[in-house]
Number of protein chains: 2
Amino acid sequence: MSDVAARVGVSQALVSLVFRNQPGASAETRERVFQAAEELGYRPDAAAQLLRRTRSRQLGVLFTMRHPHDVDIVEAVYPAARKHGYNVVLSAMVATRGERQAVEELLALRSEAIIIIGTESSAHELAAVAGQTPVVEINPTARAAGVDVVRTADGNGVRQAVDHLAELGHRAIAHLDGGVMPGAGERRRGYRAAMRRHGLAEHIQIHSGDYTEESGAQAARELLAHDELPTAVIAGNDRSAHGLLTTLLRAGVRVPEDVSIVGYDDSQLARLSFIDLTSVRQDAAEVAELAVQAAVERLDDGRTADRDIVLNPTLVVRGSTGPPRAS
Amino acid sequence: MSDVAARVGVSQALVSLVFRNQPGASAETRERVFQAAEELGYRPDAAAQLLRRTRSRQLGVLFTMRHPHDVDIVEAVYPAARKHGYNVVLSAMVATRGERQAVEELLALRSEAIIIIGTESSAHELAAVAGQTPVVEINPTARAAGVDVVRTADGNGVRQAVDHLAELGHRAIAHLDGGVMPGAGERRRGYRAAMRRHGLAEHIQIHSGDYTEESGAQAARELLAHDELPTAVIAGNDRSAHGLLTTLLRAGVRVPEDVSIVGYDDSQLARLSFIDLTSVRQDAAEVAELAVQAAVERLDDGRTADRDIVLNPTLVVRGSTGPPRAS
DNA sequence: TTGAAAGCGCTAACAC
DNA sequence: GTGTTAGCGCTTTCAA
């Protein structure tokens, strides 16, 4: 930067102003600074900026790349952060690097807040971090004190799925759950409640799963082993619905003629023409925006009370659901 | 850090040594430093380290999260980098953020080299970056000067697939290609060459695709519109094989009884029990290790000549391929 | 084995 | 509009 300043014949401070788009430099100076920078191949040094600035304006994002819906959210965090004047630093949760380490890295790089997307964090570890830095968790497994949460009203989403199927005339509606995974408990409870409300309590049938494709495939095998299939299945997420759907197809079961299937997440998977899954939509862009907003409220507006932000999902009806066979 | 030093009653320099595991501090001092750090909740500041250190020892990784195989590689980069004493900085290529910007960010954070995973970079832009910093591209679309490349011998992989199918007795073996996507050209050429070598030139049949699930589904529809299906299809990657497979299944075609299908990448998708795709394996861990190695050779060993590292893939036979119907 | 001092590249606060 | 100064938190070099 001093090279640029020397070349233009002004002080470093002025060059700094220009690069930060701050007022206080004439249009002509700006022009000359940019030109000199171009000629010298100058690029601002993030390490030095980070060190010197009072605020880093960086949002740390902890994520896993395994769930398609999480990928959508990560993508959506970028524009949301920029809107509020923040940068994004990524830290991947991978097998060879614990969550602890990933968080430490974000903190060492001066992230002012941490947004956690779809990890199975221990409430214990999280609470320790939340003491020092605002933490926003998206679709968490469990609640932790001091942490903001952005999640969808999962019970509501499943209720919409049951309503839709009941309206089509289904009665034997099973649920493939997600065990201890994020949101699974509420989805399971929502399923039970909705079934009861429709007077279908006796048809309640829950198969255990864990949101993976294989657990969907496993459930399909179990269903096939029984004399009679349910006429509809609500899966805990799209991935397990995918396993369920394809395994049934391979066994010669037609969807939706023989069995209707509903997924959850409305991920890219659900939208594929050959999957074409009726699914409960959680809008990634909205989730990302609210998560960033929650962080910004703590950072810029001084909020200290925890927030629990609940979004209402919507059912997207596609080709995997239809009326049951007339039997 | 000065707090820690003051607390222990030593100089900052000594504390620094201890934290970097450098020799030159007594065991007792180390112990006391760590304890004081713990008590004060001290954490090294990455920005300051980055600024002051002669070398950042950071490897910038540019990636997209859309292809399952790329995710595997990103994961594998972490241990590979650590092995060579480097850290990893991530920068996602997402729609709202051009490649240019993503690279700038990595460079601003002092990445000493850039590893690019599965993006469709313009050779032009890349060459400019490669002038300043070592760049390693994994499975690139096109070659650029000054850039190291790690890729698999795609022609070889497809040849193995054709050999496998021919051995099973297939003759009408079609190829679903990947258009201009990374490796697609070589896979297409490999298919043609292998078909000719088996005397099956007249059966050469190429369907155009772009590695997406939908292009696989589209190809399936085209195949179904014809009188006769080929007895086997080699897809350009697992995603398009997935679209192809499931669309055929939905149309009542049995796999592998009616049609055998081979994928490419051996991604997690291929391994799912209900997909169970014979696929060409590119070992993610090996690819990552070689990419890191290439960067390290430039950085630490002073290599300046470009390297083109070609890995031989292996065919993993699963349930999607079998002998053709006796006709 | 330890300490003192300088300075990485930038921004903030103030003066002109 | 522009310049001066100090210093962010650490590592490096040199001396003790």
Side-chain angles (χ1 to χ4, degrees), chain A residues 1-37 40-58 85-87 104-112 132-133, chain B residues 1-37 40-58 85-87 104-112 132-133:
Chain A
M1 177 181 264
S2 60
D3 294 346
V4 176
R7 175 139 186 158
V8 179
V10 295
S11 71
Q12 268 198 55
L14 205 45
V15 175
S16 175
L17 281 186
V18 171
F19 268 95
R20 281 176 291 139
N21 268 321
Q22 296 276 72
S26 69
E28 199 212 319
T29 307
R30 274 174 207 284
E31 185 53 44
R32 289 173 56 213
V33 165
F34 283 131
Q35 186 167 339
L40 294 168
Y42 166 78
R43 180 191 349 267
D45 183 313
Q49 293 180 318
L50 231 39
L51 182 61
R52 187 60 240 257
R53 285 213 241 263
T54 353
R55 301 261 322 254
S56 75
R57 301 203 73 83
Q58 283 203 310
Y86 282 85
N87 280 323
E104 283 298 332
E105 211 167 89
L106 292 177
L107 257 25
L109 273 168
R110 302 200 168 188
S111 301
E112 297 187 27
Q132 311 170 39
T133 312
Chain B
M1 178 180 265
S2 60
D3 294 347
V4 176
R7 175 134 185 164
V8 179
V10 295
S11 70
Q12 271 197 53
L14 205 46
V15 175
S16 175
L17 280 186
V18 171
F19 268 94
R20 283 175 290 139
N21 269 319
Q22 296 275 72
S26 68
E28 198 212 320
T29 307
R30 277 174 204 283
E31 186 52 43
R32 289 174 58 213
V33 165
F34 283 130
Q35 186 166 339
L40 294 168
Y42 166 79
R43 180 192 347 270
D45 183 314
Q49 292 181 318
L50 231 39
L51 183 61
R52 190 58 243 257
R53 283 214 241 264
T54 348
R55 299 264 321 257
S56 74
R57 302 204 72 84
Q58 283 203 311
Y86 283 83
N87 279 324
E104 282 298 331
E105 212 167 88
L106 292 177
L107 258 24
L109 274 168
R110 304 199 168 187
S111 300
E112 296 187 28
Q132 309 169 39
T133 311

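By convention in this document, chain letters (A, B, ...) are assigned in the order of the sequence lines, proteins followed by strands, and residues within each chain are numbered from 1.
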Tell me: [atom1] of [X] to [atom2] of [N], nearest whole Å?
X: B:Asp45; N: C:dC8; atom1: CG; atom2: C1'; answer: 13 Å
X: A:Arg57; N: C:dT11; atom1: CZ; atom2: C1'; answer: 15 Å
X: A:Leu17; N: C:dT11; atom1: CG; atom2: C1'; answer: 9 Å
X: A:Leu40; N: C:dG9; atom1: CG; atom2: C1'; answer: 15 Å
X: A:Leu14; N: C:dT11; atom1: CG; atom2: P; answer: 13 Å
X: A:Leu50; N: C:dC8; atom1: CG; atom2: C1'; answer: 14 Å
X: A:Met1; N: C:dT11; atom1: CE; atom2: C1'; answer: 8 Å

Identify, residue by residue, the members of residues 21-29 of chain B with a heavy atom below 4.0 Å from DNA chain D, and return them in order of residue number, or none.
none
With a 4.0 Å cut-off on heavy atoms, is [X] in touch with a base, just the backbone sugar-phosphate, or nothing at all?
X: B:Arg20; result: base
X: A:Tyr42; result: sugar-phosphate
X: A:Thr54; result: sugar-phosphate
X: A:Arg110; result: sugar-phosphate
X: B:Arg55; result: nothing

Could you give the distance from [atom1] ([X]) to [atom2] ([Y]), rounded to the nearest 0.5 Å?
X: B:Leu51; Y: A:Gln49; atom1: CG; atom2: CD; answer: 11.0 Å
X: B:Leu50; Y: B:Arg55; atom1: CG; atom2: CZ; answer: 12.5 Å
X: A:Gln12; Y: A:Met1; atom1: CD; atom2: CE; answer: 6.5 Å

Within the side chain of [X], is there an N or O that forms a donor-acceptor pair under 3.5 Å with the backbone of [Y]?
X: A:Ser111; Y: A:Leu106; value: yes
X: A:Arg52; Y: A:Ala48; value: no
X: B:Glu112; Y: B:Arg57; value: yes
X: B:Arg7; Y: B:Ala36; value: no

Under 4.0 Å from any heavy atom of chain B: name the first and the last nucleotide of DNA chain D that qualifies, 5' to 3'.
D:dG9 to D:dT12
May I ask you to check whether B:Tyr42 and B:Phe19 place their ring centres under 6.0 Å from each other?
yes
If you define the side chain from C-beta out and look only at heavy atoms, does anything of B:Val33 sit under 4.5 Å from B:Val4?
yes
Would you mind telling me which residue lines up with the more 5' stretch of DNA chain C, B:Leu51 or A:Ala13, judged by nearest nucleotide?
B:Leu51
By nearest-heavy-atom nucleotide on DNA chain C, the more 5' of B:Arg53 and A:Arg52 is B:Arg53
Worked check of side-chain contact (heavy atoms from CB on, under 4.5 Å) between A:Arg43 and B:Gln132:
CA-CA 12 Å; A:Arg43 180 191 349 267; B:Gln132 309 169 39; 2.5 Å; yes
Between B:Ser11 and C:dT2, does any side-chain N or O lie under 4.0 Å from OP1 or OP2?
no
